[in-house]
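Read the structure below first, then the notes.
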2 protein chains.
Amino acid sequence: MAVRELLTKIGDKWTILVILSLDLLGGRARFSELERAVPGISQRMLSSTLKNLDRDGLVIRELFPEVPPRVEYEITALGKSLLRPTQGLVDWAKANWEQVREAQSKHDAR
Amino acid sequence: MAVRELLTKIGDKWTILVILSLDLLGGRARFSELERAVPGISQRMLSSTLKNLDRDGLVIRELFPEVPPRVEYEITALGKSLLRPTQGLVDWAKANWEQVREAQSKHDAR
DNA sequence: TTCATAACTTACCTCGACGTAAGCGACTGA
DNA sequence: TCAGTCGCTTACGTCGAGGTAAGTTATGAA
């Protein structure tokens with residue numbers, strides 16, 4: 001089932017944060033910009049997350065052979081289209097997370 | 001950010017499959033029914049997944065003290081509301097997964 | 001008195017996600 | 001000659017998700 005694969009991908013720790021940040025940055029940004037835009041991410045994880053996104057066709061990597069090197073990442077149409085259902089989840093979380101919290105508290109109280 | 005927590009939850013291997021299956025079964029089902037409805041899941045994982053869903057208020061667990069025991073799980077309104085954005089992801093995967101596959105193939109070919 | 005039943009729990013193990021820290025390559029400016 | 005810059009990669013260690021298999025509980029049926 002493709003849904004499972006999709007959820008495995010976007011369910012990891014950084015993927016969604018990176019795509020959302022890239023979108024917020026105007027759809028195109030350098031490695032170091034993303035590093036700053038996603039607080040707490042390490043270079044290792046940002047690099048591997050972007051590599052996966054690139055492989056999946058959700059972003060495009062463009063290397064400018066300068067020194068020091070410049071690399072820009074751009075969100076693709078496919079990547080942008082994923083933002084819509086993602087936003088649905090974001091909205092759900094905003095609207096209902098408090099209720100989940102309460103359920104947890106009640107449950108743990110017993 | 002609550003979205004991260006939400007994604008961690010539903011991004012695991014079984015949660016979404018269990019909720020979707022429970023819904024397909026009419027919103028209410030026994031442990032063994034779910035076991036059959038979610039192929040490949042072990043009792044251990046089904047048990048812990050349901051425990052989490054219960055704690056989060058997405059399903060309700062009802063125990064009938066018979067022998068052998070009967071336990072029924074019912075999806076809550078909160079749980080049902082989560083199905084909507086989830087369906088958005090399902091639809092996206094259905095519509096776009098082929099494209100992701102192609103991107104991967106092209107990428108790997110190089 | 002042994003068996004089967006439903007719904008678990010427990011013990012044990014593996015494997016990969018993730019974190020941290022350091023190194024690297026090619027060039028520029030001081 | 002040396003440090004600084006950017007975008008990485010490599011090495012190493014931890015931790016927890018998840019798999020497998022077996023045990024548990026109470027009772028009625030054979």
Side-chain angles (χ1 to χ4, degrees), chain A residues 1 3-19 21-22 25 28-56 59-75 107 110, chain B residues 1 3-19 21-22 25 28-56 58-75 104 107 110:
Chain A
M1 201 209 258
V3 188
R4 273 261 60 255
E5 299 181 60
L6 173 62
L7 277 166
T8 303
K9 280 187 178 303
I10 69 173
D12 72 1
K13 192 162 178 186
W14 299 110
T15 297
I16 285 297
L17 291 181
V18 169
I19 302 195
S21 299
L22 184 52
L25 290 172
R28 187 174 180 94
R30 299 183 62 168
F31 186 89
S32 49
E33 291 181 273
L34 286 167
E35 214 179 335
R36 268 174 267 127
V38 184
I41 198 169
S42 66
Q43 289 188 327
R44 195 178 87 90
M45 290 314 295
L46 179 55
S47 171
S48 89
T49 302
L50 287 170
K51 207 176 281 183
N52 284 329
L53 289 173
D54 181 31
R55 184 173 114 92
D56 295 342
V59 308
I60 286 181
R61 187 188 115 110
E62 192 174 358
L63 163 70
F64 299 84
E66 311 166 351
V67 172
R70 179 161 58 100
V71 178
E72 293 188 4
Y73 294 89
E74 189 173 6
I75 197 168
H107 184 98
R110 291 191 291 125
Chain B
M1 201 207 257
V3 189
R4 273 260 63 253
E5 299 181 60
L6 173 62
L7 277 165
T8 304
K9 279 189 179 303
I10 69 173
D12 72 2
K13 189 161 180 187
W14 299 111
T15 296
I16 284 297
L17 291 180
V18 169
I19 302 195
S21 298
L22 185 53
L25 290 171
R28 187 174 179 92
R30 299 184 62 170
F31 187 88
S32 49
E33 292 182 273
L34 286 167
E35 215 178 334
R36 267 173 270 126
V38 184
I41 196 169
S42 68
Q43 289 189 328
R44 194 177 87 90
M45 289 315 293
L46 178 55
S47 173
S48 89
T49 302
L50 286 169
K51 206 176 279 182
N52 284 330
L53 289 173
D54 181 31
R55 184 174 114 92
D56 295 341
L58 301 178
V59 309
I60 285 179
R61 187 187 116 111
E62 192 173 356
L63 163 71
F64 300 85
E66 309 166 355
V67 171
R70 179 160 58 101
V71 179
E72 293 188 3
Y73 294 88
E74 190 174 5
I75 196 168
Q104 290 174 353
H107 184 98
R110 292 188 290 127

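Values reported hereafter were calculated over all heavy atoms of this structure, with side chains retained and with hydrogens, waters and symmetry mates removed. Source: prediction; values computed, not measured.
- An OP1 or OP2 oxygen of dC18(C) is reached within less than 4.0 angstrom by no side-chain nitrogen or oxygen of Ser48(A).
- For Leu50(A) and dT9(D), the CG to P distance is 10 Å, given to the nearest whole Å.
- Nucleotide dT5(D) holds its C1' atom 14 Å from the CZ atom of Phe31(A), rounded to whole Å.
- The distance from atom CG of Leu63(A) to atom P of dG7(D) is 10 Å, rounded to the nearest whole Å.
- Remark: Arg30(A) is in phosphate contact with dG7(D), judged by side-chain N or O atoms under 4.0 Å from OP1 or OP2.
- The distance between atom CD1 of Ile41(B) and atom P of dG18(D), rounded to the nearest whole Å, is 10 Å.
- The shortest side-chain heavy-atom distance between Trp14(A) and Leu17(A) falls under the 4.5 Å cut-off.
- At a threshold of 4.5 Å between non-hydrogen side-chain atoms, the residues Lys13(B) and Arg4(A) count as touching.
- In this structure, CZ of Arg36(A) is placed 12 Å from P of dT5(D), rounded to the nearest angstrom.
- Atom CG in Leu46(B) sits about 11 Å away from atom P in dT9(C), given to the nearest Å.
- At least one side-chain nitrogen or oxygen of Ser47(A) sits closer than 4.0 Å to the OP1 or OP2 atom of dT9(D).
- The closest side-chain heavy-atom distance from Val38(A) to Leu46(A) is not below 4.5 Å.
- Residue contacts for Tyr73(B): at a heavy-atom cut-off of 4.0 Å it reaches the sugar-phosphate backbone alone, with no base atom in range.
- For the pair Leu22(B) and Val59(B), the minimum side-chain heavy-atom distance is below 4.5 Å.
- For Glu5(A), the salt bridge (charged side-chain N to carboxylate O under 4.0 Å, His left out) test picks out Arg101(B), with sequence neighbours left out.
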Sequence-aligned protein contact record of nucleotides 20-27 of chain D, with B where the base is within under 4.0 Å of a protein heavy atom and S where only the sugar-phosphate is: B-----BS
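- Taking every heavy atom of residues 9-16 of chain A and every atom of DNA chain C, pairs under 4.0 Å involve Asp12(A), Lys13(A), Trp14(A), by number.
- Rounded to whole Å, the distance from NZ on Lys51(A) to P on dA17(C) is 14 Å.
- For the pair Glu35(B) CD and dA6(C) P, the computed distance is 9 Å after rounding to whole Å.
- In this model, no donor atom of one side chain and acceptor atom of the other lie less than 3.5 Å apart for Ser48(A) and Arg44(A).
- At least one side-chain heavy atom of Arg61(A) sits less than 4.5 Å from a side-chain heavy atom of Leu63(A).
- Annotation: side chain of Asp54(A) is in contact with side chain of His107(B) (closest heavy-atom distance under 4.5 Å).
- Rounded to the nearest 0.5 Å, atoms CD1 (Ile41(B)) and CG (Leu50(B)) are 7.5 Å apart.
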